[in-house]
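The figures that follow rest on heavy atoms only: side chains count, while hydrogens, waters and symmetry mates do not. Here is how names work: the chains are called A, B, and so on, in the same order as the sequence lines, proteins then strands, and each is numbered from 1. None of the values given here were measured: they were computed from a predicted structure.
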Amino acid sequence: MWTWFHKLASPPHFYRIAGLTIPAFSWAAGLLVAAGLYGGLVLAPPDYQQGEGFRIFYVHVPSAILSMFVYATMAIAAAIGLIWRMKLAHAVAAASAPIGAWFTACALATGSIWGKPMWGTWWVWDARLTSELILLFLYLGYLGLRSSFDDLQRADRASAVLAVIGIVNLPVIHYSVVWWNSIHQGSTLLTPGAMPIAMKWPALCMLAGFALFYGAVLFVRLRGEVVRRERSAAWLREVLVK
Amino acid sequence: MQDSGRQTGLEARSVHAWRGDRHVIRGLSLRVTPGHCLHLAGPNGVGKTTLIRILAGLIRPEDGSVLWRGEAVGHDPDAFHADTAFLGHDNALKADLSPLENLAFWSALAGRPAAAVAATLGAFGLQACLGLPVRVLSAGQKRRVALARVALSGASLWLLDEPFTNLDTGGIRLVEAQLAQHLAAGGMAVVAAHQPVTPDQGEVRRMELS
Amino acid sequence: MQDSGRQTGLEARSVHAWRGDRHVIRGLSLRVTPGHCLHLAGPNGVGKTTLIRILAGLIRPEDGSVLWRGEAVGHDPDAFHADTAFLGHDNALKADLSPLENLAFWSALAGRPAAAVAATLGAFGLQACLGLPVRVLSAGQKRRVALARVALSGASLWLLDEPFTNLDTGGIRLVEAQLAQHLAAGGMAVVAAHQPVTPDQGEVRRMELS
Amino acid sequence: MTPRQKRIWMVVGIVGGVGLAATLALQAFQDNLMYFQSPTQVLEQPIAGERSFRLGGLVEPGSVTREPGNLEVRFRITDNVEAIEVSYAGLLPDLFREGQGVIVRGKLGADGLFVAEEVLAKHDENYMPPEVAESLRMPPLIKQVEAGGA
Amino acid sequence: MTARPGLWRVGMAVYARDLRLAFRRWEQAVQPVVFLLMVATLFPLALSPEAAQLRGVAAGVLWVAALLASLLALEFLFRADHEDGSLEQLVLSGHPLGWLSIFKVLAHWTISGLPLVLVSPVVATSLAVPASALAVVMLSLLLGTGVLSFVGGAAAALTLGVKRGGVLVSVLTLPLVMPALIFGAQAADLAIMGESARGPLLLLLALLVLSVSLAPLAIAAALRIGVE
Amino acid sequence: MTARPGLWRVGMAVYARDLRLAFRRWEQAVQPVVFLLMVATLFPLALSPEAAQLRGVAAGVLWVAALLASLLALEFLFRADHEDGSLEQLVLSGHPLGWLSIFKVLAHWTISGLPLVLVSPVVATSLAVPASALAVVMLSLLLGTGVLSFVGGAAAALTLGVKRGGVLVSVLTLPLVMPALIFGAQAADLAIMGESARGPLLLLLALLVLSVSLAPLAIAAALRIGVE
Ligand code: HEM
Ligand SMILES: Nc1ncnc2c1ncn2[C@@H]1O[C@H](COP(=O)(O)OP(=O)(O)OP(=O)(O)O)[C@@H](O)[C@H]1O
Ligand SMILES: Nc1ncnc2c1ncn2[C@@H]1O[C@H](COP(=O)(O)OP(=O)(O)OP(=O)(O)O)[C@@H](O)[C@H]1O
Ligand SMILES: [Mg+2]
Ligand SMILES: [Mg+2]
């Protein structure tokens with residue numbers, strides 16, 4: 001297990017594996033999202049309260065969940081990079097940040113758009129919404145900090161520290177609706193019986209599709225990162241010449 | 001000697017370091033034992049500063065290891081640093097404080113008696129500037145204050161990066177005298193310098209980087 | 001010579017300057033004429049930097065006057081400065097720009113052709129660092145870039161404060177060669193340095209401050 | 001201290017700090033730190049008249065009355081224990097209906113009438129097709145009370 | 001001696017260099033904007049719900065946030081040049097120092113003031129400012145950030161000899177730009193209320209002209225003292 | 001080798017040196033306070049008269065002003081030491097870096113945070129905050145500025161390798177201190193309205209404890225990166 005891990009973490013090996021995974025992930029993501037959209041927009045019945053408007057669920061929920069999942073991945077990768085000084089882990093964190101920032105922006109945008117008709121307002125300063133906004137700021141701070149260094153190693157480690165600090169925000173986002181009286185609803189997917197299966201499966205498809213999409217983009221960006229980091233290494237020249 | 005050196009001195013084993021995408025230090029090994037001084041020489045940009053900062057533990061080498069008294073420096077860095085004095089290109093002086101106040105602080109951190117500070121500054125020819133704020137001192141006077149900090153530290157290992165910068169000939173002789181005293185007392189030193197390093201006592205080995 | 005010197009060179013007449021309450025420069029006079037270099041020597045803190053900054057017009061002397069080509073410098077400082085290159089303890093380089101970009105700016109300000117920049121940097125042994133940001137250069141490499149600025153300026157008068165700081169022996173020889181060329185072409189220089197200044201051409205006069 | 005001892009002290013310090021912080025936070029949650037308050041909370045410790053605050057709960061079924069000719073709406077907000085009379089003039093969100101969760105912002109007058117400046121709808125985590133809701137007949141009132149008063 | 005370059009070329013060289021330095025670290029060039037966005041976010045958080053509702057707060061928040069954002073960037077206008085010795089070289093360049101400093105200030109404004117003006121409609125809209133008032137809000141900020149850059153430039157030059165000048169710059173600048181703040185916020189406020197803002201805008205313009213013509217002199221004098 | 005000084009002596013040496021440096025230029029130590037006073041003056045000027053009337057604005061203005069004032073000073077927490085090489089020496093001192101950094105942060109707080117707390121009653125009174133609420137306002141600022149110093153210290157340490165860190169420090173710090181701002185302003189607001197502010201104050205205390213126990217670790221890690 002450990003040797004396998006090390007082998008995966010070695011840049012040349014990773015570069016090859018990533019080359020194989022990217023198409024697989026992309027196809028799977030495309031299919032799942034297509035199925036989810038069809039299921040969500042066409043097959044699923046309207047909601048008894050929100051009517052057709054509830055269908056924005058199928059974009060909002062996966063982006064919101066992914067925004068947190070990507071941050072968690074990023075912070076864990078950053079921690080691994082800090083502790084075991086693994087370059088590939090830093091690369092994962094660096095490659096994840098912009099993707100996560102886009103998911104967060106998307107969750108905020110779709111949430112606002114949804115909030116206007118349902119709640120009667122685009123935005124309120126409640127705990128869930130504010131903490132999600134902080135997540136966006138954290139991503140932006142991370143990106144800003146990274147790009148302020150010209151030395152890659154220092155950029156890696158400084159931004160890793162920030163990523164790890166910011167992880168305290170994740171439980172706040174998730175439990176905000178439990179801890180505070182929030183205008184935002186509680187968890188639908190995790191509450192048994194809160195959603196009939198006809199409405200739920202497209203959501204799960206979308207979620208899986210978004211996750212695979214993240215995986216695919218991550219690997220594409222990672223290959224870029226690896227090329228940038230190893231540009232003087234012999235193996236890379238061989239691969240690129242081929 | 002070989003074995004006692006392992007146990008009592010500083011050793012670097014096939015150290016590699018990159019700066020940006022330049023492979024600056026390529027598999028360098030060295031050893032410094034009590035009473036010895038290693039003089040790092042070499043043209044501008046060859047990596048002397050990089051090497052000294054690696055030895056001090058400020059830069060982690062990409063590969064290879066640095067040992068202090070036989071143990072990896074990373075094992076107990078605080079113990080290593082407590083016994084080391086480092087002088088970089090910067091003087092580590094507060095412009096608003098006087099030489100006396102500056103060194104009183106550093107010697108408090110090193111656990112040295114405060115009484116020695118004025119005497120050591122005097123030995124470096126700074127009697128006239130003890131109370132002036134450092135900002136008004138001349139370049140050479142500032143360097144002397146920084147060197148007095150090293151002399152005050154009581155550390156066994158001195159790591160000096162171009163200590164003679166801005167010093168007049170009298171200043172250079174002074175530093176060499178202090179170095180001789182340090183080596184004679186069983187101290188060690190690594191000195192990067194473009195000038196020759198010729199203390200009266202102790203043994204100097206020159207290492208040309210390239 | 002005496003009279004033509006009056007008309008074509010730099011002259012200081014019984015200049016006095018205080019730093020804080022120290023009377024650092026006491027009635028000093030000097031003259032530099034084309035083809036001549038004045039080497040300011042003296043122990044640390046004696047006032048070399050102060051004097052050079054007075055000559056450059058950065059510090060106004062308490063008393064006495066500085067003349068350029070027979071006229072008080074204060075009369076038309078811009079004309080004087082347009083024909084002067086000054087190198088201080090600091091290098092005046094932007095850490096984020098490359099040596100090329102840094103010097104392109106200064107030579108644009110001096111009205112010099114941009115084409116010469118890369119060649120001059122090359123002459124100072126910096127071919128390998130032309131495009132790197134200055135922040136990553138070694139101390140000696142930075143000093144070389146700063147010296148290349150002076151060589152590029154096309155000014156008749158060079159005022160150099162410890163130009164050899166951080167330079168290796170090759171670097172020192174390079175600077176002396178440039179200085180020789182400058183003097184041979186009728187230029188003038190005032191150089192503060194603790195090392196000897198020995199260009200192949202031009203005449204060097206040493207002035208010991210005390 | 002050996003490096004090992006140092007590390008132990010560090011861990012002790014951090015765990016202690018985080019634990020203490022958690023305890024304090026738990027203490028804090030017992031006080032009112034809410035985006036909105038329920039009618040029971042409001043009636044238990046009345047809030048000074050001139051201050052505006054948020055009140056949340058369900059629109060009591062059958063309590064909605066509209067003044068003919070203007071936009072003013074009156075309804076009662078309940079948490080199934082207490083109820084407060086609310087008056088509001090303005091556009092209501094689409095989701096506003098009887099039995100629905102709402103959050104209103106405004107001031108509680110001395111006469112016990114809450115004059116709202118803003119009405120937001122709140123809904124719970126339940127989604128279902130209209131037929132199913134119909135067959136359940138009773139909208140998920142119980143759930144909403146739990147969510148609103150938690 | 002070589003032909004001296006013309007004043008325009010010299011000015012543009014200074015301007016271009018400062019912009020290049022800023023874009024070398026573009027992520028920092030956008031920071032005043034990010035800062036503005038964040039202050040505009042923080043304020044509603046810290047205000048009680050009823051106060052946050054008031055449109056009257058919008059002009060104030062926008063102006064104070066813009067002022068602070070551009071103050072934060074001010075400190076670096078001359079300090080970096082001072083610390084690395086470039087300022088000495090500029091003083092000794094043989095070109096009029098006041099002239100050079102105009103271009104440094106303009107570069108600073110391009111980096112820190114202009115983007116604020118450009119994002120202000122977004123922030124203003126989020127603070128419930130009606131679309132009809134946006135043009136006046138932008139215009140007031142355009143003039144106001146100009147005043148700020150010039151007046152602040154003089155303050156930044158004065159504090160050169162001092163370490164930790166940051167807060168000092170602010171302290172020196174704030175009282176000087178108070179009139180600009182008052183008129184600017186007033187203009188924005190009038191526009192939000194749907195009235196004519198011509199009076200305060202003209203006053204702002206007058207302040208701008210005044211500071212453009214006087215500040216360079218003050219800056220040049222202060223810089224000469226700073227390098228001594 | 002000599003006897004190593006105890007941790008307390010070392011910490012106090014660091015604390016005393018930083019205070020001495022600050023008092024050597026006391027006119028700068030008072031700048032955060034002056035800044036606070038000025039922002040608190042400017043705001044009512046920039047607000048429309050109806051908004052300025054509201055006591056609900058007081059807590060917000062006070063808190064945002066204090067936050068910005070102490071942010072401005074933050075940048076210098078480690079930068080000066082970084083630039084003159086002192087930071088390297090601290091890293092190499094052989095004492096736990098996290099420990100030393102606690103005392104640097106405390107010194108910073110003593111200089112920039114504490115005075116804000118001390119003048120806050122004056123500012124609050126000028127903003128029509130009733131006397132009965134002053135104690136809670138001060139307490140909330142006491143806890144809040146502490147959080148700010150520690151969290152901001154981590155941000156300042158992270159931006160060490162970066163030129164023009166100023167705005168970046170703010171950008172990194174603001175989101176992290178947003179919760180403190182929210183609870184602090186809420187506490188002040190509740191007190192102004194004459195209600196119990198126990199909940200938000202407890203949460204502020206929790207945030208303080210959390211940041212005191214975690215920030216030194218982050219700061220030490222960041223400083224080591226900064227000197228590399
Ligand atoms: C700007 C406004 C909004 C923001 C920032 C936001 C944010 C979030 C976040 C961060 C999550 C993920 C929580 C977690 O996984 O723990 C989430 C989930 C969700 N949100 Fe929103 N939201 C917003 C508006 C809305 C609106 C208006 C609705 C519906 C009326 C809504 C419905 C949902 C639902 C159904 C979930 C899924 C809950 C689950 O099953 O886990 N959101 N939102
Ligand atoms: N990011 C980078 N990319 C490329 N080269 C770099 C980078 N950082 C540093 N270098 C190079 O690495 C070398 C570092 O040299 P170092 O400072 O150790 O030299 P030195 O021997 O101390 O020189 P000096 O005698 O001038 O002080 C320099 O040649 C420098 O140009
Ligand atoms: N405010 C002050 N009060 C007292 N003495 C001062 C003050 N400012 C400067 N000095 C002294 O004036 C002298 C200035 O020297 P200067 O920097 O010109 O020396 P230098 O000859 O260049 O020395 P170096 O060789 O070290 O560079 C120093 O001795 C300094 O201590
Ligand atoms: Mg070096
Ligand atoms: Mg000198």
Side-chain angles (χ1 to χ4, degrees), chain B residues 17 19 50 52-61 69 73 76-98 101-114 116 133-135 142 146 149-150 152-157 159 161 186-187, chain F residues 1-29 76-101 103-104 107 111 160-161 220-228:
Chain B
R19 304 268 78 193
T50 309
I52 283 211
R53 292 174 72 87
I54 289 174
L55 295 178
L58 285 170
I59 301 181
R60 284 206 228 164
R69 303 205 195 275
V73 160
D76 187 358
D78 286 353
F80 169 60
H81 288 145
D83 210 12
T84 310
F86 168 79
L87 173 77
H89 279 301
D90 296 322
N91 290 322
L93 301 173
K94 286 290 156 196
D96 288 335
L97 300 183
S98 69
E101 291 169 319
N102 267 294
L103 294 203
F105 170 68
W106 293 118
S107 67
L109 275 202
R112 308 285 296 175
V134 163
R135 70 163 68 251
K142 285 180 198 154
R149 172 176 56 69
V150 173
L152 266 172
S153 70
S156 323
L157 174 65
L159 300 169
D161 195 359
Chain F
M1 263 193 74
T2 37
R4 300 296 291 163
L7 281 178
W8 277 113
R9 277 206 45 205
V10 170
M12 289 317 296
V14 171
Y15 183 77
R17 180 187 76 144
D18 278 18
L19 280 196
R20 180 191 293 245
L21 271 171
F23 286 120
R24 194 57 46 98
R25 321 198 133 257
W26 65 268
E27 70 285 355
Q28 295 181 335
F76 300 91
L77 181 46
F78 299 111
R79 184 161 297 270
D81 278 352
H82 182 59
E83 279 172 3
D84 65 16
S86 301
L87 195 60
E88 285 168 11
Q89 297 295 340
L90 285 177
V91 170
L92 299 181
S93 70
H95 302 291
L97 193 54
W99 180 255
L100 298 183
S101 66
F103 287 85
K104 278 198 76 71
I111 300 157
L160 269 189
L223 291 183
R224 275 184 226 282
I225 298 165
V227 295
E228 182 156 300

Quiz item: Among B:N91, B:L87, B:L109, B:T84, which has the most heavy-atom pairs under 4.5 Å with chain F?
Solution: B:L109

Which atom names give the shortest non-hydrogen contact between [X] and [Y], and what distance separates them?
X	Y	result
F:A13	B:A108	CB-CB, 4.4 Å
F:E228	B:R19	CG-NH2, 4.4 Å
F:R24	B:D96	NH1-O, 3.3 Å

Quiz prompt | Part of B:L93 lying under 4.5 Å from any heavy atom of chain F | solution = backbone

Quiz prompt | Part of F:L87 lying under 4.5 Å from any heavy atom of chain B | solution = neither

Practice problem: Can you measure from CD1 (B:I59) to CZ (F:R224) and round to the nearest 0.5 angstrom? | Solution: 14.5 Å

Quiz prompt | B:K94 side, atom NZ; F:D18 side, atom CG - distance, nearest 0.5 Å | solution = 7.5 Å

Quiz prompt | Side-chain (F:Q89) to main-chain (B:F86) donor-acceptor, under 3.5 angstrom | solution = yes

Quiz item: So, F:R20 side chain and B:L97 main chain: donor-acceptor pair closer than 3.5 Å or not?
Solution: no

Quiz item: Most heavy-atom pairs under 4.5 angstrom with chain B, which of F:L100, F:L21, F:V91?
Solution: F:L21

Quiz item: Of all residues at least two apart in sequence or in a different chain, which pass the side chain to side chain contact (heavy atoms under 4.5 Å, CB included) check with B:P77?
Solution: B:H81

Practice problem: Give the intermediate values and the outcome of side-chain contact (heavy atoms from CB on, under 4.5 Å) for residues F:S86 and B:W106. | Solution: CA-CA 10 Å; F:S86 301; B:W106 293 118; 4.0 Å; yes

